[in-house]
Every structure is written in structure tokens, then in C-alpha cells.
Protein chains: 2
Amino acid sequence: MTDIKACNLWHLASARHFAELSESEKEMMASFMTHINVKKSGYIYNAGDRDETLYIVMEGRIKTTRLSEDGKEITLEILEPGDIFGELTLAGEEERETSAVALEDSLICAVKRSDFEDFLHQSPLFAFSVTKLIGLRLRKIENRYENIIFKDVRSRLVSLFYDLADKYGEECPEGRKIKIRLSHQELSNLIGSTRETVTLELSKLKKSGEIITDGRAFILPQKKTA
Amino acid sequence: MTDIKACNLWHLASARHFAELSESEKEMMASFMTHINVKKSGYIYNAGDRDETLYIVMEGRIKTTRLSEDGKEITLEILEPGDIFGELTLAGEEERETSAVALEDSLICAVKRSDFEDFLHQSPLFAFSVTKLIGLRLRKIENRYENIIFKDVRSRLVSLFYDLADKYGEECPEGRKIKIRLSHQELSNLIGSTRETVTLELSKLKKSGEIITDGRAFILPQKKTA
DNA sequence: CCTGAATTGTAAGCTCCCTTACAGCCGTAA
DNA sequence: TTACGGCTGTAAGGGAGCTTACAATTCAGG
């Protein structure tokens, strides 16, 4: 076994979605993978690219985004080690409709669509896990779509913080602290608003005590259920 | 073979996603299904329901929607015979987040989630076809999410008409005619706007010739590429 | 420690489109 | 035929949040 293959294997072992695979399946998957280092702010693919590849995050963080003609940005997902992205090539996406950018120096693995498909056909369990993954993303974006139509910026911001707390939260005396740092710009990209409006609403939320800041970390205070 | 089973089989034969199945697989699937008649405006499930079932449209048309507290509605999909819905129970949706309503008297088939999952595990080809289905829905809603953030009502309405023409279009002398009738209310539910605004923008589009009406059908005129 | 870049804070003005309010119209059921 | 419910047309008014503009602050790198 080559060093690279061993390295892929090692990374796979820790990746979500691959946990259920047998050793031989993992070896097979590892042999399909090539790995790629991406520098902070480097793109993996851009909207319009013809790129029939799926990726797995090994180290670092990646975001998937959409850009408007006049340079505005929407963030669709923030991806952590173990997450799969580029999966829509499976659904017949010929040109990428989304871009993927590294938020920090990252290591990712690439698998050709055809290899990935072969693998899906051979491992029903793995196939089902991928179906669930895409289904979860569908649920999430449907909820965001609903929010942007029915809710104002303030309440979208609050629900974003609850989502972030579920993903990055850590109990602390005051409540749940969100461990990652996000600029107002990034927050606004996540809720479909603007940087200025987020700054404004955020300061109102601080005043009303719905959000506490500790340095530059956000804390969701525990609801008093007395 | 019972009459019901024979009937299910007959319906399955014509359903998208099931075309690739072998006869024995189709028989097995048919044996899992129960069928249900729904009257126009009857609901199949509502947001909040605990309902671990997948459905296949056999006859009629179904829409999936989301409702706000104050009664506003978003239409997510309009489903035709052969379409599957309720699929997000596969992704761990414990309570339905969406509602499903019949747009006309319809016949649908129901399959329990556990049966459906068994089936997925046994037929990799079918599993992959379901993955593609969910992936397509994800792509579609991501595009709508982008549109609602970047585009105004006018251009959302135009792209809706292009989508509708792809799905329901029919060539005619003036261009592509959209064969189904949708009220302004329904159009606004599809683009996240209001009935009044749609009426207004639509009348502007008619004046500018971007949309033609024939009776109550909409026609997208062919672009002059001279 | 210094400097430039990135981030945050604040505010005035404006615009899109939602809300509210009616009036006319069309189709269909009685 | 009438009457009623649903659909369409139109218009005034208002408001949430986007734009634009600029200043203050923080941060990272030299």
C-alpha cells in the first residue's frame, strides 16, 4: 500500500458518512481518492466550471457560495472535516451552479463522479447515507427559503444563531457560546441581508440581551424557564 | 395476484423512477403500496404531522407547500403522475415540515418508509435514481433561493414562466404556450411575492410583449435572434 | 510599535413591494 | 336568470431594509 493510500485511509476513518464502510470498502474508496491542498481563500471550483468531482473535507473549512453579477454573495454551507461537497454532480449538474472556497488552509480529497457512482452501486448502505446527506441539505435550504419569505432580518439572524449554536455551540456560564468567528459580512451572506443591516440588528439584539458578546464570540443566553 | 396488486403494478409501469426496475422488483414494490384517493383541495399531510410515508402520484396533481402563521403560502413543487413526494422522511424528518395538497382529484400510492428503505438497500439502481431525484430538488430550490435574494419580482416571474414552459410548454405559432392554468395567487406563491404585485408586473410584461396571453393561457414568445 | 487593511458603527435617503382597500369580472351552481 | 365565490385590476400609503457615505476601531504583518 502506498503512503498516499495509507494517508487517504487514515483520513477516511474519521470522516462522517464513511464510518459504516467495511475495511475493504474503505480501502477501495481510498484508492479512488486524490488529495488536494487549498490555501485560505483559494477556490476549489467556481460557478460555470465543468467539474465532475465530489470532494471530502479532511482538514480546514470550506464554504459553498453563490455570487450575483454585481458581486454580492450568498453562503449556502460551511463545511467541516468529514463533510462531502460537490455532490450535485450526481444529480446531473453539468456546470457547477455553486462555487466552493476555502475559509482557511484546507486539505480535501477528490473522487471522480464515475468512481463515486460505481461505489454507490456496490454499497447500498453508503448510497443510503449519501441520500440522507442530500436530503438534509434539501430540508435546510427549504427552511431558509421559507425564512427569507416569511421572516424579517432580525428573526432570521436569531435563528441563524440558534443553528450555529447547534453546530458550534459550547456550554458556558452565560449560555451557549458559538466557537467560530464570523464577520457581520459573513452573517449577512448566510441570511440573505447586508452587512450594514446586520450590524444594526445585531446591536439591537445586544441591547435587548438576546445576544451577548464575549470578546468577539457570540453567546446565546439560556432562556429563563422559571 | 390480487386486483389491487395488479392495479399498483399497472400504475408503477408508467411511473418515472420505476422504469429501470425488473418485473420482480416492480411486483415487490407494488405489494408494498396502498393507494389513496384524494379529492381536490384535500391534504395528504400537513406540517407537523408524524407521517413516515413516501407517496407516488398516479393520477392528478399534488402541490407541496409551506404556510406562515398568518396564512401566507409558499408553493415548493407541483407534482405530476410518476413523481415521488414525502421523500424527506428518508432524511430523518420526524415531523413533516411541508404540507401536501391535491390540486385536483388525485390518486396516489403510499409506501411505508421502512419498506421503501428495504427496497433502496436491495436495488442500487433504484437507490441512485432516488438520490438523483432529491439532488434535483436541491438544485432547484438553491436556484430559487438565489433568485429571491438577487432578483426582483419581475425577473423572478419571467424565470418562472421559462421553467413552466420547460415543464408544460407546447409549441404554437406565437411561441411556447404553457398548458396549465395558474391563478395570480398561485404564481405569487411560486415566486415568493403577493397576488397584487404579480397582477401588476404581469400587466407590464404583457404591455412590453414579453408575455402574451391567449384566453387565460400564457405564451412565451420566441426571441427574435435576427 | 506602526501602518494599511479589514471590520464595525452610524445615519440619511430612497426604493421596491407589501398592505389595505375597492370595484369589476367571470364562471358555475342553484 | 341570478347570486355568490373566486379571480383580476388598480391605486394610495407606508415600511423594512438596501444604498451610499464616512468615521472609528480592530487586527495582522512588517
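Sequence lines set the chain letters: A, B, ... in the order given, protein chains first and strands last, and positions in each chain run from 1.
Side chains of N189(B) and R195(B): no donor on one and acceptor on the other come within 3.5 Å.
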note = For nucleotides 19-30 of chain C, 5' to 3', base contacts (B), sugar-phosphate-only contacts (S) and non-contacts (-) with protein non-hydrogen atoms under 4.0 Å give BBB----SS---
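S203(A) comes within contact range of no nucleotide atom at all, as no heavy-atom separation falls under 4.0 Å. Heavy atoms of K206(A) sit under 4.0 angstrom from primed sugar atoms or phosphate atoms, though from no base atom. Using a 4.0 Å heavy-atom criterion, one finds that R154(A) contacts no nucleic acid atom at all. At a threshold of 4.0 angstrom between heavy atoms, the contacts of K151(A) with the nucleic acid are absent.
If you take NZ of K204(A) and C1' of dT10(C), they are 13 Å apart, rounded to a whole angstrom. Atom CZ in R156(A) sits about 12 Å away from atom C1' in dC18(D), given to the nearest Å. We find that CD1 of I148(A) is positioned 13 Å from P of dC18(C), with the value rounded to whole Å. Rounded to whole angstrom, the span from the CD atom of E186(A) across to the P atom of dT8(C) amounts to 9 Å. Rounded to whole angstrom, the span from the CG atom of L182(B) across to the C1' atom of dG6(D) amounts to 15 Å. Per the geometry, CG belonging to L157(B) stands 15 Å off C1' belonging to dC16(C), to the nearest Å. The NE2-C1' distance, from H184(B) to dT10(D), rounds to 13 Å in whole Å. Put simply, CD1 on I191(A) is 8 Å from P on dC18(D), counting in whole angstrom units.
Every residue meeting the salt bridge (charged side-chain N to carboxylate O under 4.0 Å, His left out) condition with K204(B), not counting sequence neighbours, appears here in chain and number order: E201(B). The salt bridge (charged side-chain N to carboxylate O under 4.0 Å, His left out) search around R96(B) returns D51(B), E93(B), not counting sequence neighbours. Not counting sequence neighbours, the partners of E77(B) by the side-chain hydrogen bond (donor to acceptor under 3.5 Å, both in side chains) test are R137(B), K140(B). A search for ring-ring contact (aromatic ring centres under 6.0 Å, His included) contacts involving F116(A) returns F126(A), not counting sequence neighbours. Remark: Y45(A) engages Y55(A) in a ring-ring contact (aromatic ring centres under 6.0 Å, His included) (not counting sequence neighbours). Every residue two or more places apart in sequence or in another chain was checked for a ring-ring contact (aromatic ring centres under 6.0 Å, His included) with Y168(B), and none qualifies. Scanning for side chain to side chain contact (heavy atoms under 4.5 Å, CB included) contacts around D105(A) gives K39(A), K40(A), with sequence neighbours left out.
Comparing dT10(D), dT7(C), dC7(D) against the side chain of T199(B) picks out dT10(D) as the nearest. Taking every side-chain heavy atom of D152(A) into account, dG17(D) is the closest of dG17(D), dC18(D), dT8(C).
For the helix from dC1(C)-dG30(D) to dA30(C)-dT1(D), the angle separating the two terminal helix axes comes to 50°, with each axis derived from five pairs and the value rounded to 10°.
Between K112(B) and E52(B), no side-chain nitrogen of the basic residue sits less than 4.0 Å from a carboxylate oxygen of the acidic one, so the salt-bridge criterion is not met. Salt-bridge check for E170(A) with K177(A): failed, with every basic side-chain N at 4.0 Å or more from each acidic carboxylate O.
With DNA chain D read from its 5' end, the first of the two nearest nucleotides for V198(A) and L200(B) is the one closest to L200(B).
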